[in-house]
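Since the structure comes first, as structure tokens, the remarks are kept for the end.
Please read all numbers here as calculations on a predicted model, not as lab measurements. Chain identifiers are assigned alphabetically (A, B, ...) following the order of the sequence lines, protein sequences preceding nucleic acid strands; residue numbering begins at 1 within each chain.
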Number of protein chains: 2
Amino acid sequence: MEGFLADIHDVAKLAGVSIKTVSRVINHEQGVREITRARVQKAIDKLQYTPHIGARLMRSSKSNLIGLISSTISTVSRDPVKSGLSSIHIVSGIQQYCRKANKTLLIIDTEPDEEDIKSSIDIFRSHQVEGIFHILNYHHQVSPLQYSDTPFWIVNGYSNSQTAAVVPDDYHGQKLAVEYLLQQGHTRIGYIGLSTSIEAGKLRLKGFQETIQQYDLPYDLMLTELGIKNASDNSFSLLHEALDKLLKHASPPTAICFGNDEMALQAIPILEKRGLNIPDDISIMGYDNDFATAAAARPKLTTVSLPYQRMGQIAAENLLRQLQDPDAESKFEDYPIKVKGEVVVRESVRALSSIKIASKKII
Amino acid sequence: MEGFLADIHDVAKLAGVSIKTVSRVINHEQGVREITRARVQKAIDKLQYTPHIGARLMRSSKSNLIGLISSTISTVSRDPVKSGLSSIHIVSGIQQYCRKANKTLLIIDTEPDEEDIKSSIDIFRSHQVEGIFHILNYHHQVSPLQYSDTPFWIVNGYSNSQTAAVVPDDYHGQKLAVEYLLQQGHTRIGYIGLSTSIEAGKLRLKGFQETIQQYDLPYDLMLTELGIKNASDNSFSLLHEALDKLLKHASPPTAICFGNDEMALQAIPILEKRGLNIPDDISIMGYDNDFATAAAARPKLTTVSLPYQRMGQIAAENLLRQLQDPDAESKFEDYPIKVKGEVVVRESVRALSSIKIASKKII
DNA sequence: TGTCTAAATGACAAGGTTGTCATTTTTTCA
DNA sequence: TGAAAAAATGACAACCTTGTCATTTAGACA
């Protein structure tokens with residue numbers, strides 16, 4: 001039995017049926033009597049028979065393979081500290097569903113470069129994948145690629161309204177953050193956001209602004225500082241300046257929303273050096289719920305979650321549905337699908353119990 | 001041209017050669033005149049021909065696929081905070097080499113359960129992978145699995161001396177940590193380690209003990225506290241107790257080595273609450289160089305790196321070599337291969353300049 | 001130029017599966 | 001019980017490539 005691989009003929013012989021019947025059994029086709037099926041199955045088990053993917057691929061196009069393009073892993077090695085490592089949660093979500101559906105993930109991790117992505121798609125095509133996920137490291141728009149008729153889903157970004165895509169609802173998340181602070185009694189809320197050149201920055205700012213307006217908070221208290229692109233070392237002084245402005249304001253904020261957890265983390269020592277205790281003197285909120293950062297910070301960060309895993313699940317759910325019945329109308333009129341996150345309460349926000357909450361306007 | 005896929009016959013026809021010659025060109029076989037090769041290549045380009053993997057698989061078993069089993073992603077979703085997320089750096093290292101060699105990674109992320117792993121191997125077998133990596137979330141021993149003759153490498157763990165495997169050299173790393181502290185003038189060094197029931201705990205303790213001995217540090221100053229299994233919430237009180245014992249010692253340590261970064265991180269507030277400033281009053285070292293943790297801590301943690309990426313690279317390098325020439329003798333007499341990490345200097349260790357360094361014993 | 005050798009190219013089978021369609025077996029119902 | 005219908009099963013081609021070995025072409029040398 002050393003190195004011996006049984007093929008469908010061996011199974012057929014052992015079971016005393018034709019190869020076609022064996023084929024029917026392994027593909028769960030109907031029209032096989034239970035007694036025959038059992039006999040064949042027994043032979044399959046005995047011979048440890050596995051269908052030869054190559055041969056199968058030649059006849060059908062059922063590869064049971066789903067392609068996944070990401071750049072998480074490549075990025076990790078270049079910038080281990082930052083990087084879109086958390087987008088692995090997207091993969092996690094996809095993974096769960098694919099396993100249930102007995103699909104194997106073919107993962108190509110590549111530079112987030114259009115050429116590389118195209119060649120990845122080519123590789124997928126040659127492996128006859130049944131569907132493709134394209135995972136982005138951060139929420140942004142990409143140019144549409146023309147593919148074959150293979151279902152294609154972008155996760156954590158979008159292309160155009162025809163291209164299936166799932167994104168986080170950054171607008172809604174920032175709104176939730178403000179509403180949470182309101183519930184805790186804060187009415188003077190500062191905002192130090194991401195650059196509005198990226199999607200998340202734009203949407204979160206909008207969510208912040210509109211919520212402030214909606215709740216009739218005095219508009220001149222909206223302390224907004226932009227231009228902080230990312231929480232990398234070189235923008236550290238920008239963060240300094242922004243905090244400076246906010247705190248020197250005539251009536252400074254009792255709470256500040258930061259563009260992401262990383263920024264909030266960096267702000268902590270700056271604030272403390274000014275003698276401000278968090279959350280006693282000032283509350284802060286992050287965004288992303290970047291586990292490592294948010295939980296490692298002291299105090300632990302109250303933040304808004306980026307529903308990465310859920311996004312992955314939603315994309316997978318839909319793609320697998322498409323696979324099962326390709327003609328079904330899409331539920332969605334246009335893309336991207338927006339997925340809502342939620343406030344994750346930890347320690348960095350204090351309740352100002354003395355202050356009354358502004359009544360909510362009717363939208 | 002809609003949906004039309006050219007096959008080798010189309011190319012041959014267009015180029016005016018036989019299919020075999022086309023086959024030679026796409027497989028870079030020798031024995032084709034340059035002029036012929038060019039003509040064929042032109043036809044290939046024109047028709048956007050891609051060889052059909054299925055058909056190719058049936059004849060040659062060259063799938064260009066490498067299987068990778070991990071449980072990183074699955075684990076992430078269960079325990080986002082801890083989890084072996086950093087083992088993704090192993091994948092990163094493997095990825096680099098595989099891309100260079102034009103191999104595509106087939107990643108199956110599964111529970112770290114023997115049954116699941118076996119079935120993953122079966123899937124890989126049916127896809128004709130050319131080699132398999134098995135990535136463990138933490139350094140430990142696994143029972144050997146009998147596979148086909150496909151090259152199989154375990155990374156971050158080992159099985160038996162015949163099974164190819166790569167592990168971090170925990171013994172050496174802890175030794176480096178102690179030597180670094182010695183260089184900084186510390187001679188009273190405490191140790192609060194991982195449980196010795198896991199490999200890393202065992203080896204690091206040994207590294208610590210033997211180095212202490214080797215440098216003739218008074219043995220009764222070796223303050224060792226064990227039994228801290230992991231830095232999860234429920235062992236928090238254990239960490240408290242351990243620190244208590246160390247600090248109440250007649251001549252307390254000027255530096256403490258912790259079992260990992262997570263533990264060191266948790267120790268910081270405990271130490272500070274006792275009025276000890278880090279590193280002015282006491283120096284601390286972590287282990288793992290868990291980027292998020294070590295860099296997010298304040299002060300940033302001086303630690304020892306777990307050479308995950310390098311381990312991945314080494315495994316990949318060797319597996320790919322095996323693939324290229326299967327008969328070559330292995331360079332290694334027995335496994336696992338040990339890969340050394342290094343001290344990563346950040347902020348949590350202070351130099352005690354006043355104290356002379358013990359002279360190094362000859363080994 | 002003709003012969004011999006080496007290099008280049010081609011013809012054809014084989015590989016393991018599924019789709020099509022034919023055949024056999026079982027079931028249904030008069 | 002027998003004929004018709006339905007269900008189960010089987011025979012065989014086709015899928016696209018590469019390996020083997022045969023044939024043709026180009027090159028070397030007398």
For [X], which residues count as a side chain to side chain contact (heavy atoms under 4.5 Å, CB included) partner, sequence neighbours excluded?
{"X": "B/Leu105", "result": "B/Ile66, B/Leu68, B/Ile94, B/Gln95, B/Cys98, B/Ile107"}
{"X": "B/Arg37", "result": "B/Val25, B/Val32, B/Glu34"}
{"X": "A/Glu115", "result": "A/Asp113, A/Lys118"}

Worksheet item: Do A/Glu111 and A/Ser71 meet the criterion of a side-chain donor-acceptor pair at a distance under 3.5 Å?
Response: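 No donor-acceptor contact under 3.5 Å links the two side chains.
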Worksheet entry | Residue met sooner reading DNA chain C from 5', once B/Gly16 and A/Gly54 are mapped to nucleotides |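 Mapping each residue to its closest nucleotide by heavy atoms, the 5'-most match is B/Gly16.
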Would you kindly give the [atom1]-to-[atom2] distance between [X] and [N], to the nearest whole Å?
{"X": "A/Arg33", "N": "D/dT9", "atom1": "CZ", "atom2": "C1'", "result": "9 Å"}
{"X": "B/His28", "N": "C/dA8", "atom1": "NE2", "atom2": "P", "result": "17 Å"}
{"X": "A/Ile35", "N": "C/dT26", "atom1": "CD1", "atom2": "C1'", "result": "13 Å"}
{"X": "B/Gln30", "N": "C/dA6", "atom1": "CD", "atom2": "P", "result": "15 Å"}
{"X": "A/Asn64", "N": "C/dT17", "atom1": "CG", "atom2": "P", "result": "15 Å"}

Discussion item. Need the bend value for the helix from C/dT1-D/dA30 to C/dA30-D/dT1: angle between end axes, 5 pairs each end, nearest 10°.
Written reply: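 For the helix from C/dT1-D/dA30 to C/dA30-D/dT1, the axes at opposite ends meet at about 30°.
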Worksheet item: Are the aromatic rings of B/Tyr335 and B/Trp153 close, with centres under 6.0 Å apart?
Response: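 Under 6.0 Å, so yes.
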Practice prompt. Could you list all the salt bridge (Lys or Arg N to Asp or Glu O under 4.0 Å) pairs where at least one residue sits in residues 12-26 of chain A, not counting sequence neighbours?
Written response: none
Worksheet entry | Side-chain N,O (B/Ser18) to OP1/OP2 (C/dT9) below 4.0 Å | no
Worksheet item: Can a side chain N or O of B/Thr36 be found less than 4.0 Å away from OP1 or OP2 on C/dA8?
Response: no
Practice prompt. Scan nucleotides 15-21 of chain D nucleotide by nucleotide, 5' to 3', and note B when protein non-hydrogen atoms come under 4.0 Å of the base, S if they reach only the sugar-phosphate, - if neither.
Written response: BBBBBB-
Worksheet item: Can you list the residues that meet the ring pair (Phe, Tyr, Trp, His ring centres under 6.0 Å) rule with B/Tyr138, with sequence neighbours excluded?
Response: B/His140
Practice prompt. Quick one: list whatever passes salt bridge (Lys or Arg N to Asp or Glu O under 4.0 Å) with A/Glu29, sequence neighbours left out.
Written response: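 A/Glu29 satisfies salt bridge (Lys or Arg N to Asp or Glu O under 4.0 Å) with no other residue.
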Worksheet item: If you look only at pairs with a residue in residues 97-109 of chain B, which of them pass as a side-chain hydrogen bond (donor to acceptor under 3.5 Å, both in side chains), with sequence neighbours excluded?
Response: A/Ser74-B/Arg99, B/Asn64-B/Lys103, B/Ser70-B/Asp109, B/Ser74-B/Asp109, B/Lys103-B/Glu130
